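Here is the structure we will look at.
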2 protein chains.
Amino acid sequence: MTTTAGEDIAHTLGLLLRRSTRTRLHARLTEGLGKAVDDLTYPVLSGLARTGPRSAADLGREVGLDRTTVSRRAGRLEQAGLLERRPDPDDRRATLLALTDDGHAVVTVTRQRLTDAVEDSLAGWPPAEARAFARLLHRFVGQGPFAAGDE
Amino acid sequence: MTTTAGEDIAHTLGLLLRRSTRTRLHARLTEGLGKAVDDLTYPVLSGLARTGPRSAADLGREVGLDRTTVSRRAGRLEQAGLLERRPDPDDRRATLLALTDDGHAVVTVTRQRLTDAVEDSLAGWPPAEARAFARLLHRFVGQGPFAAGDE
DNA sequence: GAGAGATGCGTGCCTTGAGCACGCTTATGA
DNA sequence: TCATAAGCGTGCTCAAGGCACGCATCTCTC
């Protein structure tokens with residue numbers, strides 16, 4: 001049976017986005033980093049790594065969660081020593097969430113593990129195909145049905 | 001700054017797998033299909049569509065959920081008329097979860113919407129690149145760090 | 001400079017969802 | 001025929017999310 005490229009890609013994306021696929025990958029990437037780093041709390045770490053210290057409300061707006069939810073997740077990471085709360089020097093009402101050195105290390109390790117896993121799976125590929133795939137994937141995700149755009 | 005293909009792909013995958021990305025896509029694909037079809041219950045529908053009628057325990061094993069969890073999700077879909085419970089003709093203890101015609105329609109519509117969205121985003125691509133991307137993505141997901149393999 | 005409204009955060013409360021344990025029904029095998 | 005296993009529903013408990021309230025601080029206007 002013939003399929004169009006769109007059908008084929010849609011089907012493959014379905015597999016990729018499946019919950020079981022994601023949780024397996026997440027478990028693998030964060031193995032041994034402590035139980036505080038789970039699929040709920042890791043986005044807090046990586047969100048802070050991306051932008052530097054900021055408030056729970058700000059981070060919550062980005063990820064679509066209530067600020068109290070972010071704050072409680074941050075609390076678990078704080079207990080694990082991966083994150084600290086510091087008073088905002090410019091606003092004494094505000095509290096900034098900031099990664100500790102250990103917190104940065106967790107993000108670095110996790111990202112490196114993903115990169116390693118990807119490179120392992122590309123090991124047998126002709127370098128030109130790997131680069132072509134990287135380029136096409138980047139373009140697709142940037143403009144595809146996943147781009148934020150409208151909200 | 002130069003990046004390897006692996007780094008680039010890993011970074012792009014990070015974006016793709018982000019929760020906000022997924023929930024936005026899910027909302028878009030299931031819009032107007034009734035509130036019973038959410039990100040928790042849809043996998044029940046698609047799981048049944050994939051294999052035909054089967055028990056909650058069986059489906060739960062596949063997706064890594066307790067049978068009671070699957071059964072309760074199925075209950076919501078049943079109330080919405082998307083799914084029905086039928087006695088297993090071969091085992092009077094067992095109950096099979098089976099899609100109704102409406103349930104099949106929901107899965108069909110959702111899949112079609114994903115295909116359409118993908119094809120829209122490929123509209124400006126040279127057909128050869130689209131086909132190449134489909135092929136490379138399929139290969140990557142099949143062998144990459146996402147493949148089940150070890151459990 | 002002072003007071004009113006706005007903004008930021010923590011905490012209590014309620015709802016939802018997940019999984020476990022128990023009990024009942026039906027299969028299976030000695 | 002009876003003991004054991006297997007399947008399912010339901011009650012219970014726990015974790016997590018969001019809302020609302022209260023308090024502290026900021027900002028703007030007069």
Side-chain angles (χ1 to χ4, degrees), chain A residues 18-20 22-24 26-27 30 34-45 47-48 51-80 82-98, chain B residues 18-20 22-24 26-27 30 34-45 47-48 51-80 82-98:
Chain A
R18 205 131 44 245
R19 167 173 268 272
S20 57
R22 288 183 285 107
T23 55
R24 187 181 333 112
H26 182 88
T30 60
K35 70 189 168 105
V37 184
D38 57 19
D39 60 331
L40 296 179
T41 51
Y42 181 73
V44 173
L45 292 182
L48 292 175
T51 63
R54 55 177 159 160
S55 72
D58 187 29
L59 187 51
R61 272 188 291 273
E62 178 186 309
V63 296
L65 293 172
D66 192 81
R67 75 191 160 73
T68 59
T69 299
V70 173
S71 181
R72 282 167 177 145
R73 291 182 183 186
R76 284 176 256 164
L77 294 167
E78 187 180 19
Q79 278 204 318
L82 304 176
L83 176 153
E84 61 181 12
R85 292 169 202 264
R86 26 173 113 133
D88 185 333
D90 299 329
D91 185 341
R92 291 196 303 163
R93 293 170 302 181
T95 303
L96 297 180
L97 306 177
Chain B
R18 210 141 28 254
R19 168 174 267 274
S20 57
R22 287 183 286 108
T23 55
R24 186 181 334 114
H26 182 87
T30 59
K35 70 186 167 106
V37 183
D38 56 19
D39 59 333
L40 296 179
T41 50
Y42 181 74
V44 173
L45 291 182
L48 292 175
T51 63
R54 56 177 160 158
S55 72
D58 187 28
L59 186 51
R61 272 187 290 272
E62 177 186 309
V63 296
L65 293 172
D66 193 82
R67 75 192 160 74
T68 59
T69 300
V70 174
S71 181
R72 282 167 176 144
R73 291 183 183 185
R76 283 176 256 163
L77 293 168
E78 187 180 19
Q79 276 203 319
L82 303 176
L83 176 152
E84 62 181 11
R85 293 170 199 262
R86 20 174 120 130
D88 185 334
D90 299 329
D91 185 341
R92 291 198 303 162
R93 294 169 303 180
T95 304
L96 297 180
L97 306 177

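This one's a predicted model, so the numbers in the text were calculated from it and none came from an experiment. Naming: A, B, ... by sequence-line order, numbering from 1 per chain.
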Determine, step by step, whether A:Asp39 and A:Arg22 satisfy the side chain to side chain contact (heavy atoms under 4.5 Å, CB included) criterion, reporting the C-alpha distance in whole Å, the side-chain angles of both residues, the deciding distance to 0.1 Å, and the verdict.
-> CA-CA 9 Å; A:Asp39 60 331; A:Arg22 288 183 285 107; over 6 Å; no

Apply side chain to side chain contact (heavy atoms under 4.5 Å, CB included) to B:Val70 and B:Leu97, showing your working.
-> CA-CA 10 Å; B:Val70 174; B:Leu97 306 177; 4.2 Å; yes

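A pairwise comparison of heavy atoms in A:Arg76 and A:Ala36 identifies O-CB, 4.1 Å as the closest pair. Residues B:Arg73 and B:Leu65 come closest through the heavy atom pair NH1-CD1, 3.4 Å. When every heavy atom of B:Ser20 is checked against every heavy atom of B:Thr23, the shortest pair comes out as O-OG1, 3.2 Å.
Taking only side-chain atoms of B:Asp66, from C-beta outward, the nucleotide of D:dA6, C:dA6, C:dC20 with the closest atom is C:dC20. Looking at the side chain of B:Arg72, the nearest of the listed nucleotides C:dC20, D:dG9, C:dT7 is C:dC20. Picking from D:dC8, D:dT25, D:dC19 the nucleotide with the shortest atom distance to the side chain of B:Ser55 gives D:dC8. Counting only heavy atoms from C-beta on, A:Thr95 has its side chain closest to C:dC9 among C:dC20, C:dC9, D:dC8.
One finds a side-chain N or O of B:Ser71 lying less than 4.0 angstrom from the OP1 or OP2 phosphate oxygen of D:dG9.
Near DNA chain C, meaning a heavy atom under 4.0 Å from it, residues 83-92 of chain A has A:Arg85 in order of number.
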For nucleotides 13-16 of chain D, list the nitrogen or oxygen atoms of the protein found under 3.5 Å from its nitrogen or oxygen atoms, one pair per line.
{"unit_1": "D:dA16", "atom_1": "OP1", "unit_2": "A:Arg76", "atom_2": "NH1", "d": "3.4"}

